[in-house]
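Below, all heavy atoms of this structure are taken into account, side chains as well, without hydrogens, waters or symmetry copies. Naming: A, B, ... by sequence-line order, numbering from 1 per chain.
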There are 2 protein chains.
Amino acid sequence: MQKYLNRQWRLASRPIGDIKESDFEYREEVIPHPEDGEILVRSIYLSLDPTNRIWMSDRPQYMPPVELGEVMRGLVVGVVEESKNPKFQPGDLVSGALGWQDYALISPQNLLYLTKLPQPLTVPLTAFLHPLSFIGCTAYFGLLDIGKPQPGETVVVSAASGAVGSLVGQIAKIKGCRVVGITGSDEKCQLLVDELGFDAAINYKTADLIPALAASCPNGIDIYFENVGGEILDAVLTQVNLNARIPLCGLISTYNAQELVPGPYNFGQILMQRVLVQGFIITDYLQQWDVAFRDIGEWLQEEKIKYTQEIVAGLENAPKAILKLFDGDKMGKLIVKISEEP
Amino acid sequence: MQKYLNRQWRLASRPIGDIKESDFEYREEVIPHPEDGEILVRSIYLSLDPTNRIWMSDRPQYMPPVELGEVMRGLVVGVVEESKNPKFQPGDLVSGALGWQDYALISPQNLLYLTKLPQPLTVPLTAFLHPLSFIGCTAYFGLLDIGKPQPGETVVVSAASGAVGSLVGQIAKIKGCRVVGITGSDEKCQLLVDELGFDAAINYKTADLIPALAASCPNGIDIYFENVGGEILDAVLTQVNLNARIPLCGLISTYNAQELVPGPYNFGQILMQRVLVQGFIITDYLQQWDVAFRDIGEWLQEEKIKYTQEIVAGLENAPKAILKLFDGDKMGKLIVKISEEP
């Protein structure tokens, strides 16, 4: 029914504190058509990620923020509908930052940022928004390149049932580590242990974190894959081993804060235990993504890693769906289905 | 006049907040004499260092704390007075953790922790408590191994007029960096620039730190050698470049705190700018100290590095002298002279 319209969500205002649905403005435009060298892509699935919150703000960040009035930025997998570029044919599946809209017109220079997916598909299309996307790479390089896990070491991951965290834990298991996840409900804890093979899981909403960590990590913590910040980081710092590594992937607990949030009170432990803290953004590893995709692809084939997704139907629901990232009320990768797969 | 007595300062109580002189207890003992395999060392110079404050507490730390009632731990250079060990002769100069006392009896197993100094001396004896001690190694490995300075990069060092900081800045200059020191008086600022070759210096007591750093570091900060913590770290984090490195050597601003101190409010910059923060303790580099001593020894000969020292006369004044480490009222290395050089 939206065949002749390109529905879009544009950034209307920079969120103050929590994202509100009214921070997005709905627009309908005429579907554009490609001119020489351009292609038109129809969006199928849209990825919603905590880092979207950063792009919506104008705080110092790792790429330019989304400007007010611009189509909201987001990773999409889609299908080429029309092509005036010899490198793409209608029916090609692609992924890229096409934004929160039904259709994206891609100029020749922006084609560089578009990835053609291997066809025929051997995995579900949504895998290209999760284990075989920047999400999978984030888990892979943060854990392996910065964390450098050794067999027998203990790895703790926060936001463990999230898109990145759930992969981190499973890759750490493949590498022979003891893995403890921190998440926000007993149900998710059980899923981490029963379905994803974590050794233990902690519900941060009900547990007394320090004794819970001490009990789950009897040999201390060697690697803490950090997605959250705040109190969880502080508790972990009390339990880190000598020469522990903390890949700093995200600080979701602080993204909605309206005032400066204090850093960890146990910052001194970084000195005492000679801890390495390394912030990273996955685009820094762009040249090596194919290595990650090769390994993760193999693990998927061998069923050594699983991924869970929550798929919300309808582009119209994207502004409401993104709130789920911050209220702890989701499991795995959050995806909006925009249109049907070919 | 103390010929027949071994004066000692023992730890009487763990400081609450600032160190008080009454945290030490004065004792006089009979000078011991060595038995088989032992040696007796007379203390000449005692090193006072911020890390002493950590040893006096029972917080989690990198070596066992000094027990209440024990002779206070401290690095000393001294001379062998009596020896019942064929490896040492009276007159040999040594350095080691002999403690706050006139004489130390060293058992054969503890001889491992004693370093025999090269004789005849080619540098003043006090150099073995400063550039040619763990202090010099701390500056050397923290800056070079963790900081990895490249020519043209900007290095900021806090507690820049202190024993470690003043060496860090000079080594960074040798490596071709722009060097900015942060210290606590205009007089010290001038000394850093005029005497030690720093490019700029900031008086943190009077400057508005963020604009002062921005002005002194027009190309941003690539390396921050951290001795202090607190507000200075927070200000620096606003100015760090992509892939900056922060060797975390000390957090002197927090050592006397009676309550937990918040970590840096700008902790998120570690993520956004992909900063590396690495805590280190110089004993981790023990196997490589000779490399540092070789380089630093050469730089001393070539007069590429200078060192300033403040020497307080008399072991009896050690408990008062150590307070200078925390009130910002000293320049360079703080040393207590216990007895005459041979």
Which pair of heavy atoms, one from B:C249 and one from A:L271, lies closest together, and at what distance?
O-CD1, 3.5 Å
For [X], which atoms come within 4.5 Å of any heavy atom of chain B: side chain, backbone, both, or neither?
X: A:L237; answer: neither
X: A:I54; answer: side chain
X: A:E226; answer: neither

Taking B:Q273 for its side chain and B:V240 for its backbone only, find out whether a donor-acceptor pair lies under 3.5 Å.
yes
Tell me, out of A:D234, A:I270, A:I281, who's got the most heavy-atom pairs with chain B below 4.5 Å.
A:I281
Specify which of A:T238, A:I146, A:L242, A:V261 makes the most heavy-atom pairs with chain B at under 4.5 Å.
A:V261
Applying side chain to side chain donor-acceptor pair (under 3.5 Å) between B:T183 and each of B:S158, B:S161, B:S166, report the one that passes.
B:S161
Do the side chains of A:R245 and A:E153 get close enough for a salt bridge, i.e. N-O under 4.0 angstrom?
yes
B:D284 bridged to A:R274 by N-O distance under 4.0 Å
yes
